[in-house]
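Each chain gets a letter, A, B and so on, in the order the sequences are listed, and its residues count up from 1.
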Amino acid sequence: EPVSLRLHHFVPAQQNVAAHALAPWAKKVAEDSNGEVKIQLFPSMQLGGRPSDLFDQAKDGVVDIVWTVLGYTPGRFPRSEVFELPFSSGAGEPASRAFWEYVNQNAQEEFREVKLLAVHVHGPGLFHTRDPINTLEDIKGMKIRGGSRVVNHLLEEVGAVAVGLPVPAVTEALSKGVITGATLPWEVTPSLKITQIVKNHTSFAGDKGLYTQTFAMVMNKASYEKLSIDQKKAIDDNIGIELSAAFGRVMDQGDAEGLALAKKTDNNIVELDAAETNRWKQAASRVRDIWYEEVAAKGIDGPKLAENAEKLIDHYSKD
Amino acid sequence: MSNFINALSRVMAWFGCLVLVLIALTSVISIIGRALSGFGLGPIPGDFELVEIGTALAIFCFLPWAHLRRAHASVDLLSNVLSSRTTKAVEFLADLLMLACWAVLTWRMGVGMMDYQANGEVSFVLQIPVWWGYAASFPFAVMGCLVYLWRIALDVGCVATVEPSPRILQSGVH
Amino acid sequence: MDPLWLAVWSLPALLILIFLGVPIGLSMLALGLGGCWAIYGSPIPLLNQLKTLAYGQLSSHSLSIIPLFLLMGQFASVGGLSQALFKAAEAFVGHRRGGVGIASIGACASFGAICGSSMATTATMAQVALPELEKAGYARALSAGTLAAGGTLGILIPPSIVLVIYAILAEQNIAKLFVAAVVPGVVAIVGYILVISIIARLRPGTVGGQAEPVSWGLRWKALSVVWPVMLIFIALVGGIYVGVFTPTEGAAVGAVGTAIAAWARGGMTRAKVLQAFELTASATAMVFMIVLGAAVYNIFLALSQMPQELAGWVGQQGFSPYQILWAILIFYLIAGCFLDSLSMILLTIPIFFPMVSGLDFGLTPEETAIWFGILVLIVVEVGLITPPLGMNLFVIQSMAPHITTRDLYLGAYPFVISDLVRIVILVLVPSITLFILRL
Ligand code: NA
Ligand code: NA
């Protein structure tokens, strides 16, 4: 008997990931199941709640599948949060493969209440600011919207003012000077019109970004169990490391488009040299230490997890 | 008893507005701090999150008052056409519906609060446990249910009838 | 039953509940819960969803702007600012033919500049101006129509709660919407003044006798009392637009500023403050009950796939952009006779906005969104003064029971005509709405 599964997420249907990862996935599952498994997409939180409610909606069976940002529920996924640490993660596709592997080795219990379909990250996060950042000192006093909890710590560590704002408010706040900068990957800069508003972009030497965010696509367990063997197969054939990599790839393509747009508008794109990047990494190491202490209180060996994550990212980046 | 319920709702409404005034002052101080960030001042950290918690708290304090004053937007166009018995019946039905809906919502809110207590989720900037926000509003949601129950008791005449409240139309948004 | 048909049939059920007198927000909440339950086929998913629904909706940062605007309006009202505004307007135009009516419109407009709600504007100004209009010998129908229409300026002139809700639903810039609303608001004022002038000329008996002109000294004196109102308006809308603060912060600044202005006038006695608190409480609860009810009802509609089906169907018909726009505006005008503005916006913008934002009117996507927002604002505003369900008419009736329903309707219709003319003008000439933003 054909089933309909509801996939709920927080971005508009035409947005990059929704259009180039979620919709194709839904189509693929439908094809592989000969129309037995129909995935109904509900963009823009149409089925209610806030983005931070998504994970629980899948867990509790309010919907069948969600695509969500793990950082929207700080404190819930401490093991997965390693990937958000400054200068941990790089390009989206290899890092997403590494993240899938990492979660399976270290963080399965954080997803024990759901069926995990994919996890991924976005490409290297960087600064987009009104005034240029050429050295660590330049950021002092800037009012910056941090892209994750950990980045906010880093901002405060280096003397910036971390301003808490939801993503849709960034454009307006930036254009009005309520904030003077934001940390974002290139991928979202076109839709947020960032390159029209601020003219300076600062990234770092090497293949690691300032930060990343962690994402997951998860399914309600009972919804999965209810499926027939063939239907389960249609799902199982389309999840895991390859789906994670596909999400990462879409992020990377988005990054390339965002960067191209910034170049086309003749914006000032700075890549700090290795020496300067090292100064930032030095500052970030203090944030790492704070994070290690935080998770130690939860009985988690932070340094060991970080080392494991780094190894996996290096492994997949070589391919 | 009726006086007590009325007074309770009224004091809750005042308290909620006090919270609103505090929210407004927080924002104003935050703007000033941000404007003077060159002088070593800054916005109130996490003002965003405090505003959210405060707004919910205020609204939970307002809901019983509005119900008791029959201030919720409604249409009494047919009240001249319908018999007073029908009107009373509709009013009773509406009050029952209000109690039923809010009893469920409050019950589930309590369950949600315990979920957040168990899963350790915190807010983005201030790292306040999410369940604290729920805990601040929850008692007022419960008091709301008691007020709705009281309203039904009034409808069925179990308790001494009080003067019908004048409809407050100076309020509203439209 | 098929979810799609369930959703279709729920609409008449909603209207029946509302017209029986069940509060609007509660009707949507109850039907929405029932509908979700029916589509889920089990209460469990719904019960799980409700764990975060109420608190999540009520703790929204973007919506926190609404209670602050309501508080601001109440401070202005109890603080006596409304009285001062009317006196100032009357000093300038009160001696003209139809002058007291025109002064009422002017006072409504300036009160609307610091109040985000039409019903609050209507109620406040009716309290002040209705006795003056009757004293001046105005016909009841004209007095009632003037104040009901003037009250709609409460949402037309920024700040405006309806625009805030639109901005949130359509993810548009609140500041730009506020600024875009200014010129259409002025067009509305001009239209209403024209209506009164024409009636005064055609039927002089309806506007009573004429008063003596007031000396310029007294005029400036009356005006000097109301400058804080203008200052707050400029600080609020300008501050948000230029970027000194976010919209929510702007509302906070407005509330604090109005409280100070009212206090300086000696209007903030303890009793007055508590009165303002109580009115803010009931108005806020009323809005959020509708917001919550509409949220649940919208989940039900989304689950039923009705909006998607409708959008898909419209997309296949090959209608021209203007045909779709007119159809939507006419839908709002008709629905506005039976539904309140807030519920209409909350229920329909999630459906209509994606349709309209994909249409090509020769504008940028952002301009289209802002222009559409202002048009929607105006058509729902007309609903406030059209029978049978016209919220502003209800307000006047509750405050002046001696005015008959017939007088109310007779008084309102000339203003409705001016509204319709304004809609046609704004649809045909988008740059009236957009030119300030293009500067
Ligand atoms: Na207004
Ligand atoms: Na109407």
Side-chain angles (χ1 to χ4, degrees), chain B residues 10 13-14 16-17 20-21 23-28 30-31 35 48 51-56 58-63 65-67 69 71-79 87 90-91 93-94 97-98 101 104-106 108-109 111-112 115 133-134 137 141 167-174, chain C residues 18-26 29-30 33 47 50-55 58-61 63-64 67-68 70-71 117-120 123-124 161 244-245 248-249 252-253 255-256 274 277-290 340-342 384 388-389 391 394-395 398-399:
Chain B
R10 190 188 297 266
W14 293 347
C17 272
L20 275 188
V21 171
I23 290 174
L25 291 174
T26 308
S27 292
V28 171
S30 211
I31 297 165
F48 182 86
V51 167
E52 292 196 334
I53 295 172
T55 306
I59 297 165
F60 275 106
C61 289
F62 296 158
L63 283 163
W65 170 251
H67 183 70
R69 307 290 290 186
H72 282 304
S74 62
V75 179
D76 50 2
L77 211 63
L78 299 181
S79 58
T87 314
V90 170
E91 208 160 80
L93 174 88
L97 221 47
M98 186 79 175
C101 287
V104 173
L105 286 172
T106 307
R108 298 316 293 173
M109 185 179 163
V111 175
D115 278 6
Y134 276 70
S137 291
R167 294 179 61 101
I168 303 186
L169 276 164
Q170 295 92 306
S171 58
V173 289
H174 298 270
Chain C
I18 291 175
F19 273 80
L20 278 174
V22 178
I24 295 165
L26 180 61
L29 179 63
L33 289 174
L47 287 175
L50 296 184
K51 289 194 288 193
T52 53
L53 192 115
Y55 184 80
L58 304 188
S59 67
S60 152
H61 183 263
L63 290 172
S64 69
L68 293 172
L70 291 170
L71 189 64
S117 131
S118 273
M119 279 173 75
T124 305
I161 285 172
V244 186
F245 32 63
T248 310
E249 290 172 338
V253 170
V256 171
L274 291 179
F277 276 10
E278 287 168 18
L279 292 172
T280 304
S282 34
T284 305
M286 166 178 166
V287 177
F288 278 86
M289 193 67 200
I290 293 177
D340 71 294
S341 55
L342 198 53
L384 295 168
L389 198 161
M391 285 292 182
F394 291 170
V395 174
S398 77
M399 299 184 68

Counting heavy-atom pairs closer than 4.5 Å to chain B, which one of C/Thr280, C/Leu274, C/Leu53 comes out on top?
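That would be C/Leu274.
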Looking at C/Ser60, C/Ala285, C/Pro23, C/Ala281, which makes the most heavy-atom pairs under 4.5 Å with chain B?
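Maximum pair count with chain B is reached by C/Ala281.
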Do [X] and [Y] have side-chain heavy atoms sitting under 4.5 Å apart?
{"X": "C/Phe277", "Y": "B/Val21", "result": "yes"}
{"X": "B/His72", "Y": "C/Leu26", "result": "no"}
{"X": "B/Leu105", "Y": "C/Tyr55", "result": "no"}
{"X": "B/Met98", "Y": "C/Met289", "result": "yes"}
{"X": "C/Leu47", "Y": "B/Val104", "result": "yes"}
{"X": "B/Val28", "Y": "C/Val253", "result": "yes"}

Enter the distance from [X]:[atom1] to [Y]:[atom2] here, rounded to the nearest 0.5 Å.
{"X": "C/Leu68", "Y": "B/Ile23", "atom1": "CG", "atom2": "CD1", "result": "6.5 Å"}
{"X": "B/Ile59", "Y": "C/Ser64", "atom1": "CD1", "atom2": "OG", "result": "8.5 Å"}
{"X": "C/Thr284", "Y": "B/Leu20", "atom1": "OG1", "atom2": "CG", "result": "6.0 Å"}

So what's closer than 4.5 Å to chain B heavy atoms on [X]: side chain, backbone, both or neither?
{"X": "C/Phe245", "answer": "both"}
{"X": "C/Val22", "answer": "both"}
{"X": "C/Leu33", "answer": "side chain"}
{"X": "C/Leu71", "answer": "side chain"}

Looking at every heavy atom in both B/Ser74 and C/Gly21, which two are closest together, and how far apart are they?
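Answer, listing the atom of B/Ser74 first, then C/Gly21: CB-O, 3.8 Å.
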